[in-house]
Chemist: 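Before I ask anything, here is the structure I am working with.
Counting begins at 1 with the first residue of the sequence. Note that these values count all heavy atoms, side chains included, but never hydrogens, waters or copies made by symmetry.
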Amino acid sequence: MIPGNGLFITGTGTEVGKTVVTAALAWALREQGLRVGVMKPVQSGGRLIDPDTDGMRLKTWLDLSEPVDEIVCYHFPEPVAPGLAAEWAGVEIAREPILRMLGEQARACDVVLVEGAGGWLVPLGADWTIADLATAIGWPVVIVAHGRLGTVNHTALTALAIRQQGLTPAGVILNGWPAELDDPSAADNPRLIRQVAKLPVWGSLPWLEGELTGAVLKEAGCANLDVGLVMETLKGGNANG
């Protein structure tokens, strides 16, 4: 377990908006006076310094001074799952460099947000997954999900898998979707997630039109996330449960 205070952010699948949510949550916590670090341990697709990679998005949106290779530990150019990208590159993703980098951030910050890759059981190698990485870190887990039809099942299954791993699923953040994907179940899904997954919903980010900037994400995070619930989790420390 990594000493310090932080949250591991996973998703019910790929492309649910983990990076947007991570940045919005970081801004909301900054507004509480906290020094917030972010880390994307493993990513794939493009070049490390490309502006549309997750690590560079976090660096830009949060106006971070550190170079992107202090935010991202492993990067692979192929746009496939990171474990497969590592296999194609002949590289083994190891826990130790990730945990060492995270430990440095944890010592320098009040709280660190660690964004996973894809969903909870995405493989990072022949014998380990994102779930195993989160277990090595030991912090509470935030689930990012869309709010549309199907999200209750996906979210509850992810929460079940987190608990089976011996970790604490701390809360759910729902991410927005374009108007053309709207459906009538959306208004009831937060209530159903609380009922079925036995988890608090920390908020729902709206679909953000146009260019995403730090200012846009700051406003979205502060207006739509229940920071009080987040702070309660952080005050509880990184104990498993």
Chemist: Glu92: which residues meet the side chain to side chain contact (heavy atoms under 4.5 Å, CB included) condition with it, sequence neighbours left out?
Modeler: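 If we apply the side chain to side chain contact (heavy atoms under 4.5 Å, CB included) test to Glu92, skipping adjacent residues, there are no hits.
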Chemist: Is the shortest side-chain heavy-atom distance between Ile9 and Val141 below 4.5 Å?
Modeler: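 With C-beta onward as the side chain, the pair stays apart.
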Chemist: Pick from Leu192, Val16, Ile193: which one makes a side-chain contact (heavy atoms from CB on, under 4.5 Å) with Thr151?
Modeler: Ile193
Chemist: Taking CD in Glu219 as the centre, count heavy atoms belonging to other residues, nucleotides or ligands within less than 6.0 Å. Is the count above 12?
Modeler: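 Atom CD in Glu219 is not packed in, count stays at 12 or less.
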Chemist: Is it possible for you to say whether Leu121 and Ile143 belong to one hydrophobic cluster, with membership spreading through side-chain heavy-atom contacts below 4.5 Å?
Modeler: yes
Chemist: Are the side chain of Thr168 and the backbone of Ala170 linked by a donor-acceptor contact shorter than 3.5 Å?
Modeler: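 Answer holds: no.
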Chemist: If hydrophobic clusters are built by linking Ile, Leu, Val, Met, Phe, Trp and Tyr wherever their side-chain heavy atoms come under 4.5 Å apart, do Leu149 and Val144 end up in the same one?
Modeler: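 In one cluster with Leu149: Val144, no.
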Chemist: Between the side chains of Thr135 and Gln165, does any donor sit under 3.5 Å from an acceptor?
Modeler: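 Distance-only check passes for Thr135 and Gln165.
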Chemist: Less than 4.5 Å apart, any side-chain heavy atom of Gln105 and any of Val38?
Modeler: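 SC-SC contact between Gln105 and Val38 ruled out.
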Chemist: Using a strict 4.0 Å threshold on nitrogen-to-oxygen distance, state whether Lys218 and Glu31 make a salt bridge.
Modeler: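 Judged by the 4.0 Å cut-off on N to carboxylate O distance, Lys218 and Glu31 do form a salt bridge.
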Chemist: Given 3.5 Å as the limit, does a donor-acceptor pair link the side chain of Asn5 with the main chain of Leu234, or not?
Modeler: yes
Chemist: Under the side chain to side chain contact (heavy atoms under 4.5 Å, CB included) rule, collect the residues that match up with Arg35, sequence neighbours excluded.
Modeler: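 Testing Arg35 for side chain to side chain contact (heavy atoms under 4.5 Å, CB included), a comparison that skips the adjacent residues, returns Asp110.
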Chemist: Judged by atom type as modelled, is there a donor-acceptor pair below 3.5 Å linking the side chain of Tyr74 to the main-chain atoms of Pro82?
Modeler: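 Looks like no, no N/O pair under 3.5 Å.
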Chemist: Is there a donor-acceptor pair closer than 3.5 Å between any side-chain N or O of Trp27 and the backbone N or O of Trp61?
Modeler: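 Yes, the answer is positive, given that a donor and an acceptor are paired below the 3.5 Å cut-off.
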Chemist: Between Arg57 (side chain) and Asp52 (backbone), is there a donor-acceptor pair under 3.5 Å?
Modeler: yes
Chemist: With sequence neighbours excluded, give me every salt bridge (charged side-chain N to carboxylate O under 4.0 Å, His left out) pair touching residues 41-50.
Modeler: Arg47-Asp50
Chemist: Check whether any side-chain heavy atom of Gln43 sits under 4.5 Å from a side-chain heavy atom of Thr53, and report yes or no.
Modeler: yes
Chemist: Between Lys18 (side chain) and Glu15 (backbone), is there a donor-acceptor pair under 3.5 Å?
Modeler: no
Chemist: Find out if a path of hydrophobic residues (ILVMFWY) with successive side-chain heavy-atom gaps under 4.5 Å connects Val42 to Val91.
Modeler: yes
Chemist: Thr19 and Asp54: side-chain donor and acceptor closer than 3.5 Å?
Modeler: yes
Chemist: From the options Thr213, Asn175, Leu217, select the one residue that forms a side-chain contact (heavy atoms from CB on, under 4.5 Å) with Leu208.
Modeler: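 With Leu208 as partner, side-chain contact (heavy atoms from CB on, under 4.5 Å) holds for just one option, Leu217.
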Chemist: Might you work through the side-chain contact (heavy atoms from CB on, under 4.5 Å) test for Val227 and Gln32, ending with a clear yes or no?
Modeler: CA-CA 8 Å; Val227 184; Gln32 301 299 305; 3.5 Å; yes
